[in-house]
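Given the structure is predicted, the values throughout are model-derived calculations rather than measurements. Order of the sequence lines sets the chain letters (A, B, ...), proteins ahead of strands, with each chain counted from 1.
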Amino acid sequence: MPEGHTVHRIANEFNELFGGKVLRVDSPQGRFTDARMLDGQRLKVASAVGKQMFLHFQDDLIIRIHLGIYGKWQFHKGLAPEVVGQVRVRFAVDGVTAELRGPTVCEVIDSKALAEVYDRLGPDPLNPDPNGREFERFASKVKKSSTPIGLLLMNQEVISGIGNVYRAEILYRAKINPHTKGSDLKTRQISELWADSVKLLSIGVLHGVMITRDEFFDEDPGKLERNWVYKREGQTCRKCRKKIVLEMAAGRKLYFCPGCQR
DNA sequence: TACTCATGAGCAA
DNA sequence: TGCTCCTGAGTAG
C-alpha cells in the first residue's frame with residue numbers, strides 16, 4: 001500500500017535491520033545495473049520523504065526508490081529464499097533479506113541530485129517541522145492555487161505522501177468538497193487538513209494500514225470498515241446516509257459524500 | 001487462461 | 001486528457 005506511511009515504515013525497518021551494516025546487494029532481474037557498485041557497501045541510514053525512500057551509503061552513493069502503484073517490499077528472516085518472479089533488487093545481511101519488486105524508480109544518485117529531489121517535493125506530514133514552517137509551505141501553496149483541493153492533495157509538490165486513499169478520507173473528515181479551489185479555503189480549513197494529515201499518516205505508520213475512522217485508531221477493524229468514503233461508492237454515508245459518489249478526476253478515482261462535503 | 005484493476009507519475013499533444 | 005510503464009491479485013468464463 002504505497003502511500004507515505006508505508007514508505008516511512010519501510011525506512012524504519014531498513015534502519016533497524018540494516019542500519020550501519022555492510023550489505024550484499026544484487027539484482028536477480030538484472031534491471032538494477034548499479035547493484036554491483038553498491039554490493040559490499042555500508043548502509044549509513046535510510047530516510048523517507050513522501051512516497052520516496054533514500055538509502056544513504058558511503059562515498060555519496062544514495063539509492064532513490066519510488067514504489068509507484070505496483071512496487072512492493074518483502075522482508076525474509078533466516079536463509080535468503082529462492083528468487084520467485086521479478087525481483088528488481090535484494091539487500092541482505094546474515095539472517096535477513098529484503099526484496100524489492102516493481103518499483104517505478106530505483107536508481108543511484110548523489111547528494112546534489114538528492115537536493116534537487118528534495119526541492120521538488122512538498123512538505124511531508126510525517127517529517128513535520130516543530131516550528132510550523134512545513135505547514136506554512138503547504139498553506140501558502142494551497143492559498144495561491146485555483147486548482148481544486150482534491151487535485152492539490154495528490155500533487156507531491158504541494159504535500160508529499162498523500163495518495164488516493166488519504167486524499168478522499170482527509171477531505172471527508174474535514175467536510176470539504178474536493179472541487180473547492182485551494183484559494184477559496186479558509187486558513188482554518190487548510191490548517192485542519194494539515195493537522196489531520198499528520199495524524200492519519202502517523203496512525204498509518206503505526207498500524208501499517210490506512211485507518212481513518214477515529215473509533216478504530218487503536219485496532220484495525222479490517223478493510224471494509226477502515227474508511228469513510230474510499231471504495232464505498234453507491235453505499236450510504238456512515239453519517240448522513242446519502243450515497244457515496246465516485247467521479248474520475250485527472251484519471252484517478254475520487255470518492256466523496258455529497259451530503260457531508262457540500 | 002485471459003482479462004481487469006490498482007494506493008503513481010512522467011510525458012506528449 | 002490520454003498514453004505509457006512497472007507487477008501481481010482478483011475475477012470472469
Side-chain angles (χ1 to χ4, degrees), chain A residues 1-11 27-33 35 48-54 63-76 81 83-90 98-107 109 113 116-122 124-126 147-148 150-173 178-179 197 200-213 220 222-234 244 246-256:
Chain A
M1 297 186 188
E3 293 195 26
H5 68 296
T6 312
V7 180
H8 280 259
R9 265 176 84 91
I10 300 288
S27 176
Q29 179 195 49
R31 286 189 51 186
F32 181 53
T33 49
V49 179
K51 299 171 188 170
Q52 311 208 24
M53 182 166 91
F54 305 95
I63 307 184
R64 177 171 86 98
I65 295 165
H66 192 307
L67 294 175
I69 285 186
Y70 315 111
K72 275 192 181 63
W73 282 101
Q74 276 183 318
F75 290 84
H76 304 275
V83 174
V84 177
Q86 299 291 311
V87 178
R88 181 74 57 90
V89 56
R90 285 193 302 189
E99 292 183 326
L100 173 64
R101 293 161 204 270
T104 291
V105 177
C106 177
E107 63 177 10
I109 59 175
E116 288 166 10
V117 174
Y118 281 167
D119 280 348
R120 276 206 312 276
L121 289 171
D124 180 344
L126 287 171
T147 302
L151 296 184
L152 288 175
L153 289 183
M154 293 284 277
N155 182 344
Q156 302 301 301
E157 294 178 14
V158 175
I159 181 169
S160 57
I162 305 290
N164 205 17
V165 181
Y166 281 132
R167 177 260 298 261
E169 296 293 312
I170 287 166
L171 287 173
Y172 176 87
R173 288 164 59 89
H179 301 297
S197 304
L200 291 185
L201 267 76
S202 304
I203 297 276
V205 172
L206 199 63
H207 291 283
V209 289
M210 292 179 269
I211 299 169
T212 57
R213 296 173 65 192
D220 178 17
K223 64 180 174 184
L224 295 178
E225 295 293 321
R226 271 174 210 150
N227 308 125
W228 293 104
V229 291
Y230 181 72
K231 278 199 174 167
R232 296 195 68 243
E233 73 275 23
I244 303 299
L246 165 61
E247 283 178 10
M248 294 305 290
R252 304 297 301 281
K253 291 186 171 177
L254 169 63
Y255 303 85
F256 67 98

dG10(B) to dG8(C) separation - C1' atoms, rounded to the nearest Å: 22 Å
If we ignore hydrogens and angles and just use 3.5 Å, is the side chain of Trp73(A) paired with the main-chain N or O of Ala98(A) as donor and acceptor? no
With 3.5 Å as the limit, what N/O pairs link the protein to nucleotides 4-7 of chain C?
from   : atom 1 : to       : atom 2 : distance (Å)
dC6(C) : N3     : Tyr70(A) : OH     : 3.2
dC6(C) : N4     : Tyr70(A) : OH     : 2.3
dT7(C) : OP1    : Gln29(A) : NE2    : 2.6

Whole-Å distance separating the CZ atom of Arg226(A) from the P atom of dT7(B): 15 Å
Quick one: Lys223(A) NZ to dA6(B) P, roughly how many Å, whole number? 13 Å
Side chain of Lys253(A), heavy atoms from C-beta onward: which of dA6(B), dA9(B), dT7(B) has the nearest atom to it? dA6(B)
For atom CE of Met248(A) and atom C1' of dC5(B), their distance in whole Å: 11 Å
For dG8(B), does either OP1 or OP2 sit under 4.0 Å from a side-chain N or O belonging to His66(A)? no
Rounded to whole Å, the CZ-C1' distance (Arg64(A) to dG8(B)) equals 12 Å
How would you list, by chain and number, every residue that makes a salt bridge (Lys or Arg N to Asp or Glu O under 4.0 Å) with Glu225(A), sequence neighbours excluded? Arg213(A), Arg238(A)
Which whole number of Å gives the distance between the P atom of dC3(C) and that of dT4(B)? 15 Å
For Tyr70(A), what residues pass the ring-ring contact (aromatic ring centres under 6.0 Å, His included) criterion, not counting sequence neighbours? none
List, one per line, each side-chain donor-acceptor pair under 3.5 Å for residues 247-255 of chain A, sequence neighbours excluded.
from      : atom 1 : to        : atom 2 : distance (Å)
Glu247(A) : OE1    : His179(A) : NE2    : 2.9

Applying side-chain contact (heavy atoms from CB on, under 4.5 Å), can you list everything that pairs with Leu126(A), at least two apart in sequence or on another chain? His8(A), Asp124(A), Leu201(A), Ser202(A), Val205(A)
Distance, rounded to the nearest Å, where Met210(A) contributes CE and dA6(B) contributes P: 14 Å
DNA chain C nearest-nucleotide lookup for Val87(A) and Ala249(A): closer to the 5′ end is Ala249(A)
Counting only side-chain nitrogens and oxygens, does Arg252(A) get under 4.0 Å of the OP1 or OP2 atom of dT7(B)? yes
Give a yes/no answer on whether the side chain of Lys51(A) brings an N or O atom under 4.0 Å of OP1 or OP2 in dA9(B). yes
Tyr166(A) has an atom OH; how far is it from atom C1' of dG8(B), in whole Å? 16 Å
At 4.0 Å (heavy atoms only), tell me whether Tyr230(A) reaches a base, stays on the sugar-phosphate, or touches nothing. sugar-phosphate
Considering only the P atoms, how many Å lie between dG2(C) and dC5(B), rounded to the nearest integer? 16 Å
Is there side-chain contact between Arg226(A) and Asp220(A), with at least one heavy-atom pair below 4.5 Å? yes
Would you kindly give the CD-to-C1' distance between Gln52(A) and dG8(B), to the nearest whole Å? 11 Å
Results of side-chain contact (heavy atoms from CB on, under 4.5 Å) for Glu99(A) - residues two or more places apart only: Gln74(A), His76(A), Pro81(A), Val87(A), Arg90(A), Thr97(A), Arg101(A)
Rounded to the nearest Å, what distance is computed from the NE2 atom of residue His5(A) to the P atom of nucleotide dT7(B)? 13 Å
